[in-house]
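Only a predicted model underlies this, so the values are computations on that prediction, with no experimental measurement involved.
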Amino acid sequence: MVADLVERFVTTAPRPALGLATGGTMEPVFAELVRRHREHGLSFARVRAYLLDEYLGLDREDPCAYRNAIRRLLARHVDLGAGAVHGPDTHAADLDAECDRYERELRAAPIGLQLLGIGSNGHIAFNEPGSPLDSTTRVVALRGQTRAENARFFPAAQAVPTRAITQGIATIGAANQLVMVACGEHKADSVARALEGPVTSEVPASAIQLHPNVTVVLDRSAAASRAR
């Protein structure tokens, strides 16, 4: 279903700017897009791709960096052009200035379709609970719960970074279309709070309720709870 939405977007938008999330939820989406490219000729040649967030403190070639994950899972298997994947420079000397630069780049794109996941604490991108709903791209501290959940993507001897650059909630909301995907029982409570509870900074993903063009794709386990 998600790959259908992406394919429709990249084949019909005049200048498709696609916002990419990462993580385990997106891996089968990318795998299906690669399959469609190889078997059915789905082309990404016109696509510009923009990262939703990125860790701070990782080497440029670290496979856990999201830019490298996108390269490994999607970019090198399809016909994305050289330089088509954009993200913040986490090695910039002035990180605040870099966040401002990336925010301007995102707004100028603009993002036509933004893929999203959701954390079990309700975070969206790396906007942790308490993030202002009008937040823009910035450096954030990652909570222990988020780092623990993401530890499975890192080698056992490597610590999960404590900080990241993330698109803000308002930045995400500026995209023309949002597609949020969640799988598994461990996401059910946060999904219910995001979709059925009040819009609140304590559940950053609840901000999608304010967007006029949202698609949410859940498996049965992720859809099993009700907001309390």
Side-chain angles (χ1 to χ4, degrees), residues 19-27 30 49-75 85-106 114-173 180-184 186-187 189-191 193-194 200-208:
L20 297 178
T22 47
T25 304
M26 292 299 159
E27 290 185 9
F30 295 152
Y50 294 84
L51 299 185
L52 189 60
D53 44 24
E54 183 61 279
Y55 289 113
L56 288 174
L58 298 181
D59 293 338
R60 292 188 186 278
E61 300 306 316
D62 192 309
C64 296
Y66 285 154
R67 181 187 294 272
N68 296 328
I70 292 297
R71 184 180 298 119
R72 182 175 67 254
L73 296 170
L74 180 65
V85 178
H86 303 262
D89 179 4
T90 57
H91 296 270
D94 186 335
L95 290 177
D96 289 337
E98 175 59 15
C99 290
D100 290 343
R101 183 206 64 80
Y102 192 50
E103 177 75 18
R104 292 193 301 272
E105 184 177 10
L106 291 163
Q114 176 66 61
L115 296 176
L116 299 167
I118 181 173
S120 62
N121 65 359
H123 74 250
I124 193 169
F126 274 140
N127 294 284
E128 298 279 25
S131 296
L133 298 182
D134 61 354
S135 56
T136 56
T137 302
R138 66 204 189 284
V139 174
V140 294
L142 303 180
R143 292 195 175 189
Q145 181 178 351
T146 299
R147 296 177 66 232
E149 289 179 353
N150 289 357
R152 69 187 189 278
F153 299 112
F154 286 77
Q158 184 175 358
V160 180
T162 59
R163 297 193 305 157
I165 292 176
T166 185
Q167 290 186 33
I169 296 173
T171 315
I172 293 167
M180 190 177 84
V181 188
C183 300
H186 64 296
K187 298 291 182 72
D189 286 345
S190 62
V191 166
R193 293 172 68 200
T200 170
S201 63
E202 292 308 309
V203 185
S206 66
I208 70 171

Say you draw a straight line from [atom1] of [X] to [atom2] of [Y]; how long is it, rounded to the nearest 0.5 Å?
X: L116; Y: I172; atom1: CG; atom2: CD1; result: 5.5 Å
X: L56; Y: T162; atom1: CG; atom2: OG1; result: 8.0 Å
X: L115; Y: L52; atom1: CG; atom2: CG; result: 9.0 Å
X: L106; Y: Q114; atom1: CG; atom2: CD; result: 8.5 Å
X: D89; Y: I165; atom1: CG; atom2: CD1; result: 7.5 Å
X: L74; Y: E27; atom1: CG; atom2: CD; result: 12.0 Å

Exercise for the section: Mind checking side chain to side chain contact (heavy atoms under 4.5 Å, CB included) for D94 and listing every partner two or more places apart, or none if nothing turns up? Expected result: D96, A97
Fill in the blank from the handout: Sorted by chain and number, sequence neighbours left out, side chain to side chain contact (heavy atoms under 4.5 Å, CB included) with S131 holds for N127, R138, I169
Problem - Over 12 non-hydrogen atoms of neighbours within 6.0 angstrom of CZ in R143 - result: yes
Practice task
Ignoring hydrogens and angles, tell me if any N or O in the side chain of T25 forms a donor-acceptor pair with the backbone of V181 under 3.5 Å.
Solution key: no
Handout entry: Backbone N/O of V160 and side chain of R147: donor-acceptor pair under 3.5 Å
Key = yes
Please give me the minimum heavy-atom distance between [X] and [Y], naming the atom from each residue.
X: T137; Y: Q167; value: OG1-CA, 3.7 Å
X: F126; Y: V140; value: O-CG2, 3.5 Å
X: P204; Y: G122; value: CD-O, 3.3 Å
X: D59; Y: H91; value: C-NE2, 4.1 Å
X: F30; Y: L20; value: CE2-CD2, 4.1 Å
X: A194; Y: I118; value: CB-CD1, 3.9 Å

Problem - Residue list, ring pair (Phe, Tyr, Trp, His ring centres under 6.0 Å) with H186, at least two apart or on another chain - result: none
Exercise for the section: Applying side-chain hydrogen bond (donor to acceptor under 3.5 Å, both in side chains), name anything that partners T171, two or more places apart in sequence or on another chain. Expected result: E103
Practice task
Return the set of residues passing side-chain hydrogen bond (donor to acceptor under 3.5 Å, both in side chains) with E54 (not counting sequence neighbours), or none when no residue passes.
Solution key: none
Taking only distance into account, with no hydrogens and no angle test, what donor-acceptor pairs under 3.5 Å do side-chain atoms of residues 63-72 form with protein atoms, sequence neighbours excluded?
unit_1 : atom_1 : unit_2 : atom_2 : d
Y66    : OH     : Y55    : OH     : 3.2
R67    : NH1    : V85    : O      : 3.1
R67    : NH2    : G87    : O      : 3.4
N68    : OD1    : R71    : NH1    : 2.4
N68    : ND2    : R60    : O      : 2.9
N68    : ND2    : D62    : O      : 2.6
R72    : NH1    : P63    : O      : 3.1

Handout entry: Beyond-backbone contact of T90 with L58, side-chain heavy atoms, under 4.5 angstrom
Key = no
Problem - Any residue meeting salt bridge (Lys or Arg N to Asp or Glu O under 4.0 Å) with R101, in chain and number order, not counting sequence neighbours - result: E98, E105
Exercise for the section: For side chain to side chain contact (heavy atoms under 4.5 Å, CB included), just list the numbers for M26 and L73, CA-CA rounded to whole Å, side-chain angles, deciding distance to a tenth of an Å, and then say yes or no. Expected result: CA-CA 10 Å; M26 292 299 159; L73 296 170; over 6 Å; no
